Amino acid sequence: MIDEQLKIELSRQGIFTTTLEELYNWGRKNSVWPLTFGLACCAIEMIATTMARYDLARFGAEVFRPSPRQADLMIVSGTVTKKMAPQVVRLYNQMPEPKYVIAMGACAISGGPFKQGYNVLKGIDRYVPVDVHIPGCPPRPEALIHAFMTLQKKIDGQHLSGADRPRHLNEALPSEFVVPEYGAHDLEPRSNDLVWPLPMSKAVTQG
Amino acid sequence: MTETIDQIFVILKHWLVGHVPTAVEPIVSELLSVVPIILLFPLLFALITVMERKGLGRIQNRYGPNRVGPCGILQPIADGIKTLTKENIVPHSADKVVHLLAPLLLVMATFLGYAVLPVGRNMVAANMDAGVLFFFAVGSMTELSVFMAGWSSRNKYSLLGAMRAIAQMISYEVPLILSSVTVIMAAGTLSTVSIVEQQSGYTGIFPHWFVFTPWGFAGFVLFMIAATAESNRSPFDLPEGESELIAGYYTEYSGFKFALFFLAEYLGMMSISGMAITLFLGGWAAPLSFLTWIPSYLWFFGKLFFFIAGFIWIRGTLPRLRMDQLMNFAWKFMLPMALINLVTAGVWRFMPTGILRWLVCSAMVVAPYVLLGRGFMLGKRLEKRTYRFAD
Amino acid sequence: MSSMTETTSAANDERSRKLTAGISEGQLLEVSMGPHHPSTHGVFRMDVVLDGERVVKLKPVVGYLHRNHEKIGENNSYLASMPYTDRLDYLCSLTNNWAYALAVETLAGIDVPERAQYLRVITAELTRLQNHSSVIGFLVQDMGASGTPLMYAFREREKILDLFESLTGSRMMCNYMRFGGCRIDLPAGWLDRAKKVVAGFPQFLDEYENLLGTNEILMARTQGIGALSRELAINAGVTGPLLRASGVNYDIRKVDKYGIYDRFDFKVPLGDNGDVYDRYMIRILEMRESIKILDQAMCDIPPGPIMDPKAKIRGFRPKAGEAYGRIEAPKGELGFYLISDGSGNPYRYRVRPPSFVNLTVLEDMCIGNYIADTIAILGSIDIVLGEVDR
Amino acid sequence: MTLPFTIIAALTIAGAVAAMSLRNLVHCVLALTLAFAGLAGMYLLLGAQFVGFAQILVYIGAIAILTVFAILLTRGTEPDAFLDLPSAWVSNSVIVAAVFGVLVWAVHSSPLSRRTLPPPPQITVRQIGFALMDRFVLPLEVIGLLLTAALIGAVILAMHEKQAAK
Amino acid sequence: MTIEQVQSEIQSAIPGAKVEIILNPSPSAQHSLLLDHEHVLAVATYLRDVSELRLDYCSNVTGIDWLPREKSEKVKVKNLVEGVEQEVEEVHKTVVPGYLEVVYHLFSVEKKHGPVILRLRTEDRAAKVHLPSLTPIWRAAEFQEREIFDLYGVIFDGHPDLRRILMWEGFVDHPMRRDYVEPDDYEYEPTPHDHVLQRSREESGRH
Amino acid sequence: MSGSYLTILLLLVCAVGFGVGPLVLAWIWAKAYSPEKPGPYKNATYECGLESKGVVWVQFKAEYYLYGIVFLIFDVEAIFLLPFAVAFTGLTAGACVAMLVFLFLLVEGLVWASRKGVLLST
Amino acid sequence: MTLAGYLIVAALLFAVGLAGALTRRNAILVLIGIELMLNAANLNLIAFWRYGRSPEALTGVLFVIFSIGVAAAEAAVGLAMIIAIYRHYKTTNLDYIDSMKG
Amino acid sequence: MLGEGIVRGLAETARNFLGSFVSKERLTTVQFPEERLPQAEAARDFPFLVYDGEDWQAGMRCVACQICEKECPPKCIFIEKSKDKKPDALGRAQFYPARFDIDVSVCMSCQICVEVCPFEAIKMDTAFELSTDDRFGGLLWDRQKLALSDAHYHAIHPTDAAHTDELLAAEKAKAEARTKAAVAKASPAPMPQPPAPAAANEP
């Protein structure tokens, strides 16, 4: 008897949670406001994406907010230099949860063509967690829209509760990351081990 | 029949009030006039944001939001859910209490203005003898809340934005009030309902709106310019001018507090447009005598729609003024024009009806406009230039 | 010509001191505009000291996009640097290509066939069109026109980018020119499409003029703002539309007559005031001149090879020596200075970036103006950080 | 009528007390606006609608703003040691207490004070206008003069020396 | 005007000025003038204001790092080989010390000609890296000299604002010098090459 | 008359409720699902990605204060102007002249201030 | 509600204003105190008008309107004076100014 | 007169607003992903390895000469030569890449690898919808991922592919002639030598 009721209650709660989750994800994914944040070449393509031909506004994402406090999405569009990296991380930290990062273009993912440079950070994911990577140098505006839709799909698949819930719903996980400081030769620290667990060189171990 | 449709909401309210105990009757009655305001205008705000984004899109050769719900109509709901569930950040150095109070006060002040707006025949929440004054008094409270927002954030851009906002709002408040004084002079009342009634007649098919007089037209234009400045809309959006001050006074606001600022901006825009309609465009009256069968509230909201469209249109076209130009414009163009317009309205009353009155009053408005306008341009030697070419 | 020493940055400090005289320390607001600021065109930063709204001191801070272009150029072969030049001034990859190709050709003494010269002129002038149109779009955007002028500018830019893509394969990073010519010949029908785009361009310029040309707000915001004197402009090495807006007749297309620019009939528009409005208008007028050049070039383009047959792609090793090659890029004088030690990599690879040098006078133009003016002035300089910081 | 009065009176007094006792000057002004708003409410209770709204317009919309400006101009926002009681605090509080006592005594001893509310007079702004332009036209001109004088005086005082030299 | 004429003109106008022609063997034939430190300001002022050349525009300022290099000279030496006097070629190796060089490309806006190229050399690459600044003559050199100071470590005496410009304050190296070793941050390189490959192998060996 | 005050009072309460309601809702959401995670970086003042330096609550520019004074005077003027305007239709020409004189006095002050360069000019 | 209630409130307000004006050392706060006292007087005027014999005469209301005008003038000049003093002495502390003036 | 320019500007935006309902010129949006612009034939995004026939391993044209690896400006190609040889399209025994990785997260799409390849083995693909949340799994492409058929090449760059076919056919003919001659001479088979680089002027 009691079990029955509990079951009903539980299932009702389940339905409630599911609806809530759907609503939440629907709201989040359809209202992703990017931070006005251009770094280099890719920024021009990012601007082009918001312009008439490609019109990112169709997805409700043309509300580029200049202040990180009101932004949801940071499109790291271009080369992150070591001189710029602390600012990028600080801006990321200053965004309220839930926040997403798209690494747009080769430079943002890995340093790209400029990775040989002494002042170039070899990928922003050394310091902040990246949700979607877009290869290309620069990626076409369509590629950014595709990435945007990939992000929407990713948001859609997130759960409100449970162990696999995203970072911003989990109290134990941090929402700000260490901001590197300028050292005498390089940034200190060189990467954030929380998000960049020093991968083994696959190239060599595999070969 | 048209009468019934026109008064349907009034009748409905009376019918509902008739069903409650007499003890709570006044409360319920008032609630029934207040709650629609609280529900309707935010809903309108949501619609306007979509309209603005789509309208701007069309101006800019693109679609605008069209994928969330049918034609993107659900976009504001998604935005609402998003902002509601967004993390709330209050900077450590901020003055936390004031930081919280500022958006609340702002929303409250903008909402209060609606109390005196007659949105249809017999449809006004509070018909007060000093209604227009109430509107301005409440409007002046927004300045304080904007200042609170900027100051409490302890952010340089916010502070600059707040300073700009106050300087701008106080500068344009004077022309705003002065330009509406002409209407009050003609109507002889401060009550919004009476002002609308004063404009209710028709000559032939044309209405007696105050905007169809020289001083009324000038007053209307001045009022709208000042209203644009008061509601911080482009080209007077300096306080939040994002290319200069990031997001101005609400740089440090996140989550729903930020949404409240957004809401307040649009609510302010709507309420001041509503006031312009009431003062100059005959309120809920139909523009042509044979159109009176259309319910009055539809006329009001139709006019409101045109005002909002105008705001959007202007926003899609004009670059922003600079601070000193903005202030100069207020004090050296708007204020003299408003004062002259005041005198014109006086002259209008004391002159006999006829074509001469029209000519004299038009001249009294146009001449200073041309002079001041030219002085404004020539003082800076603004001109289209010619260029030389070298081979 | 009198001594120009009073125009150094020390003089700027002196001006700042004068402006702040009598103002207590606490009244000044130190604001850093950037590196994340909507109108610094990327990651530029201005350390601004404000007295109210007035700028009393301004120090540009660059280097946030310093991605070691020159170092990479020295470690790479001559050919491998070509795609990197695309990413210098990422709005105008084709002119960058040309400047680099020109420098290498000067260094190694390579000739360029006729048809390739024409192709270079056509692509370079198209680049100028798209750059100038975006710049005036960005400028007005920074002055607060919610996107509309920029959208119109980008609408036209997209048409030109389509041309670039069908010719070179990429919208922005064209990597089109090679030492001794160009990489690919025109695909079928390209010229007709280009003619159509160019023919439609004056219409866009007229639209733009209608939109903003006589706009009082724009005029009030730009006229008399950020005036740059002729003498200072020359002394500070300012080039491009900025220099010409200050009334100096110096267009490298006319001066060096590089490529085949002496064959075309075009004029150099000159401003008299050197303020933001002049820079804005000079760009519009230059676009009209570019259209003239394009019309002529697309009419006259001869058939023929597009590469010097002697030019080598792989294993290119010029003789030891050095060369400085420069062109009139949309932003000003873009120069490449190469030192070869006879190996496959340049010993020294130096870019003379126009917008970096043009930034020198930013402080001179901004001090004493309002904070909103600095945005307009910066926009009118037309910087691209990829080139400023390299 | 009593309940609204009590609430408004409490708010007014609380605002006033806060305005006079908070450390941060901006907080003081914000509390002051509360007191002003309360006063406006009280005017409304007393049937002086025009005055009530005028109170909001002028005091909250203008004087409070001006005060805030003055605070920012004088860097008064940092909490400071102004609250430290001055040496004369004993005498001051005696004065205050005495004044208050006398006032309360006066109120209580007066027969007027027990007068109950007469029926509300039907006064309109129009009547105020007629009165203003009729009986009070001379004070009006005097006020005009005063305001102009205040404008000029205040501007001269507040103007920076550099500007004044112009 | 040929480079020799410029040289003689300078030498006659400014007595004592040492002007050396550096010939450029490449087809570009852009020869340059090497100036001494003491007279360079006078020469520059002369070139800008007095000379017929009117070099009012300094376009490009470049820093170059010349490492110490071995110079081999073939010298014919007479030798007694097995009693017979023979002319034998001997290779004499001398180490040319390294130095930093700054090159100025000058043009004339007024007369529309150029370039005239000036060179300045420091005494060595370590301690004596001072050069007179030409910023007082040509403002155009201001940022470019700062850049050279930043990247090469040349100290320009008389520069009004000699700070690092591209790298951050607190950075100690001069990364454009040819012997600069950049900090090792190739922890992960999927497609390693050359020395990176080497280091990558070593890394993976350790792990 | 008191009815309209009740309306205003109710509107005030509702308006505050409209502001507070969602904030409370957001707070509940944060408590239930999405915990707030303040931190030293996140809650630092935003300044274009840099650490904020210098004094923020600086003493401000006097220019705006002068505007404030002029505004205050004109605001008060409006208080006198409004009753006049309401009564205007029933007033004699003499009263209007009196008002004109009043206005003229203030305009005089304004013109003086403008001459003095108070009303900001470049 | 009797007149006494309003009068007591006015008296309280006056006392608070007076206390502030006397105890606070910041010139701006002193001004605020004075402003409060003025407002207390205004409240009295309105209250007496309302409870008076002929409210139709509107004397009290007009008095208050004029009083608001005067208060505005006072605030403008007073604050301007404070700013001028601040510019001279770099403080708004009355004690300090007092000791400085000599 | 004050306001004239503003009115002209407003008229211009109104024209665009109204025009957006009637003319394609004034509504330039291409609603990606439903609508797509035709891809330019020359478009390039990331390299791929061409293979002939059905089996990608057997038909791969790449002979692991490592020229592209050397010339790649950002050094995003990693090749390991095979130990053994396999016959190529012409039947000659050739090395093949035992490993051929391209790190597309680094690739700058410069096409230099295509230009320098003497074997017409590497070409540029046009796929751009590649965004992924898997940085290392999704963006390091091995030879299997890189191998695409000649038919695909023909589909995306028809003109180019035809030209390539001509070149290859000519080469094949040359090689066959040479083999014949060699057979006739009965001398040992000639060393496989790379054909003359034809990339320079190739359209």
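Here is the naming used below: chain letters follow the sequence lines, and residue numbers restart at 1 for every chain. Bear in mind the structure is a predicted one, so any value in this text is a computation, not a measurement.
At a threshold of 4.5 Å between non-hydrogen side-chain atoms, the residues Leu160(B) and Leu50(C) count as touching. Taking the side chain as every heavy atom from C-beta outward, Met323(B) and Ile371(C) never approach each other to under 4.5 Å. No side-chain heavy atom of Ile217(C) sits less than 4.5 Å from a side-chain heavy atom of Arg320(B). Side-chain contact between Leu270(C) and Phe389(B) is absent, with no heavy-atom pair separated by less than 4.5 Å. Residues Arg155(C) and Gln60(B) have side chains not in contact (no heavy-atom distance under 4.5 Å, counting atoms from C-beta outward).
The number of heavy-atom neighbours closer than 6.0 Å to NZ of Lys57(C), taken from other residues, nucleotides and ligands shown, is 12 or below. Around atom CZ of Phe217(B), no more than 12 heavy atoms belonging to other residues, nucleotides or ligands sit under 6.0 Å away. In Phe264(C), the CZ atom is crowded: over 12 heavy atoms of neighbouring residues, nucleotides or ligands sit closer than 6.0 Å.
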- [ ] Quick one: do Asp324(B) and Arg54(C) satisfy salt bridge (charged side-chain N to carboxylate O under 4.0 Å, His left out)? Show the steps, please.
- [x] CA-CA 10 Å; Asp324(B) 64 316; Arg54(C) 207 175 277 273; over 6 Å; no

Task: Intermediate values then yes/no, side chain to side chain donor-acceptor pair (under 3.5 Å), Asp272(C) and Tyr387(B) - done: CA-CA 8 Å; Asp272(C) 291 318; Tyr387(B) 290 85; over 6 Å; no

- [ ] Would you sort out whether Met151(C) and Ile59(B) count as a side-chain contact (heavy atoms from CB on, under 4.5 Å), showing the intermediate values?
- [x] CA-CA 9 Å; Met151(C) 294 265 182; Ile59(B) 284 176; over 6 Å; no

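For chain B, the option among Asp251(C), Leu285(C), Ile282(C), Leu150(C) with the highest count of heavy-atom pairs below 4.5 Å is Leu285(C). Counting heavy-atom pairs closer than 4.5 Å to chain B, the top residue among Asp373(C), Val268(C), Ile375(C) is Val268(C). When each of Met143(C), Arg221(C), Lys267(C) is scored by its heavy-atom pairs under 4.5 Å with chain B, the top score falls to Arg221(C).
In this structure, the side chain to side chain contact (heavy atoms under 4.5 Å, CB included) partners of Ile291(C), at least two apart in sequence or on a different chain, are Leu129(C), Val198(C), Phe201(C), Pro202(C), Leu205(C), Asp295(C). For the side chain to side chain contact (heavy atoms under 4.5 Å, CB included) test, residues two or more places apart in sequence or in another chain that qualify with Ser179(B) are Leu222(B), Phe223(B).
For Arg322(B) against Ala372(C), the heavy-atom pair with the smallest separation is CG-CB, 3.7 Å. Nearest heavy atoms, Ala220(C) versus Gln325(B): O-NE2, 2.6 Å.
Screening Thr148(C), Leu139(C), Asn215(C) for a side chain to side chain contact (heavy atoms under 4.5 Å, CB included) involving Pro319(B) leaves a single residue, Asn215(C).
Within the 4.5 angstrom heavy-atom criterion, only side-chain atoms of Glu209(C), from C-beta onward, approach chain B. Heavy atoms of Leu378(C) lying under 4.5 Å from chain B are absent altogether.
For the atom pair CZ (Arg62(B)) and CZ (Phe154(C)), the distance works out to 13.0 Å, reported to the nearest 0.5 Å.
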